[in-house]
2 protein chains.
Amino acid sequence: MSDLTRTDSTAFFTDQYELTMVQAALESGAAHRKSLFEVFGRSLPAGRRYGVVAGTGRILEMIRDFRFDDAELSFLSRENIVDSRTIDWLANYRFTGNIRGYAEGEIYFPGSPLLTIESTFAEGVILETLILSAMNYDCAVASAASRMAQAAGDRPCAEMGGRRTNEHAAVAAARAAVIGGFASTSNLAAGLQYGLRTIGTSAHSFTLLHDSEREAFAAQLKSLGTDTTLLLDTYDVEEALTTAIELAGPKLGGVRIDSGDLIEQASEVRESLDRLGARDTTITVTSDLDEYAIAALAASPVDSYGVGTRVVTGSGAPAAGLVYKLVARADEAGEWTSVAKHSSGKPSRGGHKEALRLIDGPIAVEEAVGIPTLPDDVGEGRRLSVDLVVDGEVDESFVGAAGVKKACARHDESLAELPRSARRLQDGEPAIPTVFYSN
Amino acid sequence: MSDLTRTDSTAFFTDQYELTMVQAALESGAAHRKSLFEVFGRSLPAGRRYGVVAGTGRILEMIRDFRFDDAELSFLSRENIVDSRTIDWLANYRFTGNIRGYAEGEIYFPGSPLLTIESTFAEGVILETLILSAMNYDCAVASAASRMAQAAGDRPCAEMGGRRTNEHAAVAAARAAVIGGFASTSNLAAGLQYGLRTIGTSAHSFTLLHDSEREAFAAQLKSLGTDTTLLLDTYDVEEALTTAIELAGPKLGGVRIDSGDLIEQASEVRESLDRLGARDTTITVTSDLDEYAIAALAASPVDSYGVGTRVVTGSGAPAAGLVYKLVARADEAGEWTSVAKHSSGKPSRGGHKEALRLIDGPIAVEEAVGIPTLPDDVGEGRRLSVDLVVDGEVDESFVGAAGVKKACARHDESLAELPRSARRLQDGEPAIPTVFYSN
């Protein structure tokens, strides 16, 4: 493999048509028209009450690093994908426009204008794939995680699904799960990059490696301390528990159960632990959990949940269904015109937009979207869009570990505003309606 | 953000418990026991007839690059995740063992021993997350893609789903889709890294950017040539088609329809194109396709399919459900012992394994798995496992663009062997049974 196939730029997370459109628009002269792209979802996944914005901080990092280097430019030239004028234009590409949007962690509804990208057409169109990839996946995970965390109540959820999604997606998933309300992750890269709390002690293979479960537990306790969590279900749970407390004493940190009937086992394990005096030893369960399984365990003596496959695959909705559409552009005279596709199906609403979450007392009652602005008498509310990139400069407070903390706080506050119905797991309508005001 | 949070090593695509297990096993001395880990799936996604192995070439690349650098080691130390002995061991980590497995592109069934990793426990256990992440996602996509490509018959499918999955996952998805039988992708990074054919011309935004559809089409034709594909459904399909042929003449390369009733529209568009003399102008459809929608279009005059969300999310099965289990390990005397978890649920079969696809005439009839070997009289067949890594050396023929070509060929050949029932889209049993022979 030549070096020209390796790259650490983010510029090639891009669909080819974005670059061929740049070429054709450079030809027609329209490439430089001021344009407004909007990210929104036409609907929530079936039955969901709300969505959670995630991915924003990652997008800002990737836009900062978005440049076409030699590897990419040579490929485009060698494969005749675009002409030399376009390659020259790409070589100098830096995003110099403005991005506003819902802060990361914010709740959203159908039609919420989640992100707007204002720049020339050419500068904005080539960010489509990158922005949608990050938001469609991260919002899917954060939205699922939020439901699970709500179902878990005060009990912490740990994200442990990295083995069930692409290895890079795993890092984004851990981050999105924490924004959605998870307490920690098993993923080390996510710990390193985003300052997330990481967890994990041992798997069945560790027990099987040793000549007996007793030897395995003894080794783990000696090395990781009495505070560690021992995995009980390699052979016989009840026997494992007795061995665990014999070796660790009643101060054992925790036990984990990863198979079988969790409701039944949690009760039995709690009873045995209590009988042996290990009243503070916690019980973690980790087998094929989702929001419904977590809700079903609410009355069981479980202390924390480890969630894998279902959170990293969006609990049935692995992509959030967000789209990136041109909603307005300037004409030759520089005047803005609203635009929207209007053939059959897939409707979109053109134009600049302003979004307000209307609040009645302490409770959100409506997602009000003004096109282009809201009427003065629309009601009291909270403005939903913030500046994320101004004249090409990324607001660093949304990026990295600090950005995740901020997003977690935003999510908590936005969730607290929602009506009770938002927390229902049963299929239903969005928790509040989205109302469009055109003027 | 300090540089210590950025890394291009693949070593942190790892769950924390793998490293804590290394620590505890270094303590007990068992870290150096010879171990055999196996990747397999307990079942296929509900109703599927077969699965497709993908991700292998990517895994080999990532194992080659798997090392713990300063950023990772400092993090582990700073966060007290493992002790200093373990950090020293990780600092010197290189995989020196053997990996054998089903070649990429191969078909698999429940219980097929897809990959075996033979090394010390410590060397093998820390590859669990990386290997499962890549295989669970890539196999999910390749398996879905294969069904779609089969449903499409001679008509090419293009992967266009990068906007519906994590940005890195998008690259892996494009690669996996091509291994599953797709002809091309919209994803530029996948074109660059794996030599895939890339496609794409324009989106609705390009039409909306211009003052009229006519101006947009004229600009695209002038810049990209008469051979380009024009997108018809921004406003009115019939009108767009007339404009397109007026401007391009009957030699227009192709048209694309992205919304509405595709069956109805394909016929109408074909009729109009033929009437206008554009008999060779192709029709591509791209709206929410999956294997069922493609099958439903079999009788329609469509020339190619563009598939997005459904292929990159595994058409309902976004993770392949593969697991990584310790199946055998040496004792202190160096003797191999088969091991398996045997508490309730989630059964696995311990031991070394040998796999053969039994062939009767030209048709596969059984997935024969011997534990540890197959009886001599089991029948004629094709050996399924090949060497991928020998004494830590990666077989480069499975990596990069060459690896993808090889995987495509393997997939075609393996698919050709399967009984007809394998191609059915309806839910059913695996196309051939997996039979285990213990001796």
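Quick caveat: nothing in here was measured; it's all calculated off a predicted structure. In what follows, chains carry the letters A, B, and so on, assigned in the order in which the sequence lines appear, proteins first and then strands, with residues in each chain numbered from 1.
Across all non-hydrogen atoms, the minimal contact from Ser133(A) to Gly162(B) is OG-O, 2.5 Å. The two residues Met21(B) and Ser202(A) have their closest heavy-atom pair at CG-CA, 3.6 Å. In this structure, Thr165(A) and Tyr137(B) approach most closely via the heavy-atom pair C-CB, 4.2 Å.
Highest contact tally toward chain B, considering only Ala169(A), Gly314(A), Ala11(A), Ala173(A), is held by Ala169(A) [criterion: heavy-atom pairs under 4.5 Å]. Among Ile199(B), Thr185(B), Val323(B), Asp138(B), the residue with the largest count of heavy-atom pairs under 4.5 Å with chain A is Ile199(B). Comparing Val141(A), Thr198(A), Val339(A), Thr313(A) by how many heavy-atom pairs each has under 4.5 Å with chain B, the most go to Thr198(A). Per-residue heavy-atom pair counts under 4.5 Å with chain A were compared for Leu76(B), Leu326(B), Thr201(B), and the maximum is reached by Thr201(B). Contact count versus chain A (heavy atoms, under 4.5 Å) is highest, among Ala172(B), Gly191(B), Gly321(B), Gly195(B), for Gly191(B). Considering only heavy-atom pairs separated by less than 4.5 Å from chain A, the leading option among Gly350(B), Pro318(B), Ala216(B) is Pro318(B). Between chain A and the residues His210(B), Glu215(B), Lys325(B), the largest count of heavy-atom pairs under 4.5 Å involves His210(B). Of the listed residues Ser223(B), Ala174(B), Ser35(B), the one with more heavy-atom pairs under 4.5 angstrom with chain A than any other is Ser223(B).
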Next on the checklist: Set out, in order, the CA-CA distance, both residues' side-chain angles and the distance that settles side-chain contact (heavy atoms from CB on, under 4.5 Å) for Thr129(A) and Glu167(B), then state yes or no.
Outcome noted: CA-CA 8 Å; Thr129(A) 303; Glu167(B) 68 282 358; over 6 Å; no
Next on the checklist: Under the criterion side-chain contact (heavy atoms from CB on, under 4.5 Å), I'd like the reasoning laid out for Asp211(A) against Arg329(B): C-alpha separation, chi angles, the key distance, then a yes or no.
Outcome noted: CA-CA 10 Å; Asp211(A) 295 333; Arg329(B) 48 89 183 157; 3.3 Å; yes
Item to check | Test log, rule side-chain contact (heavy atoms from CB on, under 4.5 Å), inputs Ser205(B) and Tyr324(A) | outcome: CA-CA 9 Å; Ser205(B) 61; Tyr324(A) 186 96; over 6 Å; no
Next on the checklist: Between Arg58(B) and Asn166(A), does the side-chain contact (heavy atoms from CB on, under 4.5 Å) criterion hold? Intermediate values first, please.
Outcome noted: CA-CA 11 Å; Arg58(B) 298 201 312 109; Asn166(A) 171 273; 3.5 Å; yes
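Under 3.5 Å, the side chains of Lys341(B) and Ser259(A) contain a donor-acceptor pair of N or O atoms.
Only the backbone of Ala340(B) comes within contact range of chain A, with heavy atoms under 4.5 Å apart. For Ile81(B), the part lying near chain A is the side chain, with the backbone staying farther off; criterion is any non-hydrogen pair under 4.5 Å. With a 4.5 Å cut-off on non-hydrogen atoms, Ala25(B) touches chain A through its backbone and its side chain both. Only the side chain of Leu19(B) comes within less than 4.5 Å of a heavy atom of chain A; its backbone N, CA, C and O stay farther away. If you measure heavy-atom distances from Phe37(B) to chain A, the contacts under 4.5 Å come from the side chain alone. Looking at Ala203(A), both its backbone and its side chain come within 4.5 Å of chain B, counting heavy atoms on both sides. Both the backbone and the side chain of Gln16(B) come within contact range of chain A, each with at least one heavy atom under 4.5 Å from a heavy atom of that chain. For chain A, no part of Met135(B) is nearby; none of its heavy atoms comes within less than 4.5 Å.
Expressed to the nearest 0.5 Å, how far CZ of Arg163(A) lies from CD of Glu128(B) amounts to 5.0 Å. In this structure, the separation between CG on Asp331(B) and CG on Leu209(A) is 11.0 Å, given to the nearest 0.5 Å. Note: Leu192(A) CG to Phe75(B) CZ = 5.5 Å, rounded to the nearest 0.5 Å. Rounding to the nearest 0.5 angstrom, the gap separating the OH atom in Tyr17(A) from the CZ atom in Phe206(B) is 13.0 Å.
Within 6.0 Å of atom CZ in Arg85(B), more than 12 heavy atoms from other residues, nucleotides or ligands are found, so the atom counts as buried in its surroundings.
Using a distance-only test at 3.5 Å, with no hydrogens or angles considered, no donor-acceptor pair links the side chain of Asn187(B) to the main chain of Asp15(A).
Using a 4.5 Å heavy-atom threshold, the side chains of Arg164(A) and Leu132(B) count as touching. Using a 4.5 Å heavy-atom threshold, the side chains of Leu188(A) and Phe13(B) count as separate. Considering only heavy atoms from C-beta on, Gln220(A) stays 4.5 Å or farther from Glu27(B) through its side chain.
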